[in-house]
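Nothing here was measured: the structure is a model prediction, and the numbers come from that model. Whatever order the structure lists them in is the order used to number ligands and atoms, beginning at 1.
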Amino acid sequence: MPANPGFAGPSSINKISSTAPTAKPMSDIIAAALGRRAFLQVSMSAACAAVMTPWEVVEAQSTEFEATETASDLFQFAGVSVSQRDHVVVPDGYVAEVLFRWGDPINGEEPIFRGDASNSAEDQARQAGMGHDGMEFFAIPGVDSNSGGLLCINHEYTDQILLFSDGIGSTNDLAMPTEKIRKSQAAHGVSVIEVAAVDGQWRVIRSKFSRRITANTPMRLTGPGTKRIGAEVLGTLNNCAAGRTPWGTYLTCEENFHGLFGTAAKNFAPTPEQERYGLAAKGYVYNIAGQEVSAYRWWDEDRRFDLSAEECDAERFGYVVEIDPLRPESKPVKRTALGRFRHENAELTLAKDGRVVVYMGDDQAGEFIYKFVSTRPYQSNSTSEFGVDSTGGLLDDGVLYAARYDESGRGVWLPLSESQMSADQIAVYTRLAASSVGATPMDRPEWLAVHPKSGEVFASLTNHAKRAESNPANPRLQNIYGHILRWREDGDDAAALEFTWRIFLLAGNPAHPNPERQGNVNGSEFACPDGLKFDPSGILWIQTDMSSSVMGNADFAALGNNMMLAADATSGAVRRFLTGPVGCEITGNAMTPDRCTMFINIQHPGEPADDVTDPLQPNQYSQWPDGPTGGRPRSATIVVRRLDGKPIGA
Ligand code: FEO
Ligand code: CA
Ligand code: CA
């Protein structure tokens, strides 16, 4: 999710800067859009007739890595330069290929994406959603997992200008028609697809496992929260980062759900709990000509999203959702014991005694880092049967903690059970419980990652526009570049109640005239760390979400487009591995077991920093990945591999 979503992504609270909105009345935009509709339909029709061959999507390019970088025993590739080009750039000897774009059919065959965005809601429910984000790769029994398997892919949010042919979602004067709401709901959620390397080329193939999970898919709720909110709900939304369990299931994490809820009720006044979760009458808003416009007015047609309605589902979103990719008939399960907040990822590991530990971040400035420790241990000989029936409810029964980072370099896990709130309240109003026990407010926690050998935990703090006061773990008052923390649990046991922490790095640009913004990165400069994941060799892959990389923010201009870097936790070396196309965010990271194929997501290419863009020109900022005739930029999963067939990065 972009820090400053240009079109309609629900995270206005995440803005780190804003540029003046383009003074263009919505009425002009709509009129112009309608006038040009026929032209769009004609001009796109040629491209709609067949599955399009992706336009140029990759360039290999290498530069010497920064002289300031110390050596790394972990990675050997030649780093790439910062880039402002509308391409994916990878090091010499590597190739990147587009695999699965927004609108591509999940069975690899049909319905075919139409470049003028005229696919119906029904089509969309059988095609890739928008806003590709977290992702995991799963083996299929009987299939060589180095050349085939399942990908579970999150679709975080929809961009109405690209989603609809006329480029119009809702405005303050214009409700969204039911068909558009349904299409937007169908473009949220998760894709499960089967992929295989056929003659060396990875493809999406027809599969009994193919599945779309959307805002309307029936699912269960489990854990202590059910006492308050019941055990049934439709849909998962704002699926940001992800995780996986040892028993073969996928964890998809609901982040900016607040933006989809609102109300037209005149007398609506949010409760303190709703305010703390950012739930407001207008939902997610963006600015047109200085006026706040609701991006998603689903609540006009769908009472589940109306904050004033009895049947409002706002308290049934904001959870970690478990999905069994091998059982397409199974219902996803929202695990309320893991708390309700703007979940980023769910990094699962095991304590020394086998208890399940899940590290999680709440992505809002001033919110917290959490961990869940199960009551019972995981039995490693468990079958991979889905959910509570096979795992004894491991993710439903345990203790939820929030982190406090002390000046001494020591830290404490504070049990939320000491908050004086009941178990069901803690599950549903988790933020309030964490505040009351004295957790440390953080600079927007994004992903957490556990080192595969040492068990050390790393957490990305992506940015914070302006703190009232700093604290030792978040030392910059104006932390626009973000930083990464690391800590070691006492006794190297993930279930420990205390830990020792330090700052791994402060991101920044060493050439910046302001010393506070230079950072201390040992190697390639970058900002706004977001995606964080260790591969089995111990390389820490960092993905960035610099919202204003190209347009609108001079601080970021020198850093170019968003990127992915490799870091060595031992030497501290950081080297840029990949740069994305214009306006995108790099996210999602999965590998085959042999580490020779890496899957990466390119989210929201072409998204500008401004809150306003021109719906008549959906490809005005980026033509990635389909090129000049493709009609509009599309989020996509790409495959990265080495031409010599060796492991990535090594
Ligand atoms: Fe969806 Fe906090 O990124
Ligand atoms: Ca993120
Ligand atoms: Ca982000």
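- Inclusion of D363 in the first shell of the Ca ion (ligand 2) is not supported: no N, O or S atom falls under 3.0 Å.
- When atom 2 (Fe) of ligand 1 is compared with the N/O/S atoms of E446, atom OE1 turns out nearest.
- Put simply, E156 gets within reach of atom 1 (Fe) of ligand 1, with an N, O or S atom under 2.8 Å from it.
- Within the coordination shell of the Ca ion (ligand 2), defined by N, O or S atoms under 3.0 Å, D530 is present.
- Counting backbone and side-chain atoms alike, E255 contributes an N/O/S atom closer than 2.8 Å to atom 1 (Fe) of ligand 1.
- Around the Ca ion (ligand 2), the angle linking E344 (OE2) with E446 (OE1) is 60°, rounded to 10 degrees.
- If you check the side chains of R304 and N216, you find a donor sitting under 3.5 Å from an acceptor.
- Residue E255 does not count as close to the Ca ion (ligand 2), with no N, O or S atom under 3.0 Å.
- Side-chain contact between F372 and M360 is present, with at least one heavy-atom pair separated by less than 4.5 Å.
- Using modelled atom types, one finds a donor on one side chain and an acceptor on the other under 3.5 Å when comparing T587 with D133.
- Between F137 and L151 there is a side-chain heavy-atom pair separated by less than 4.5 Å.
- Between OE1 of E344 and OD2 of D363, the angle at atom 2 (Fe) of ligand 1 works out to 110°, rounded to 10 degrees.
- W102 and Q603 share no donor-acceptor pair across their side chains, judged by distance under 3.5 Å alone.
- Both the sub-6.0 Å distance and the 45° axial angle are not jointly satisfied by K334 relative to the ring of Y319.
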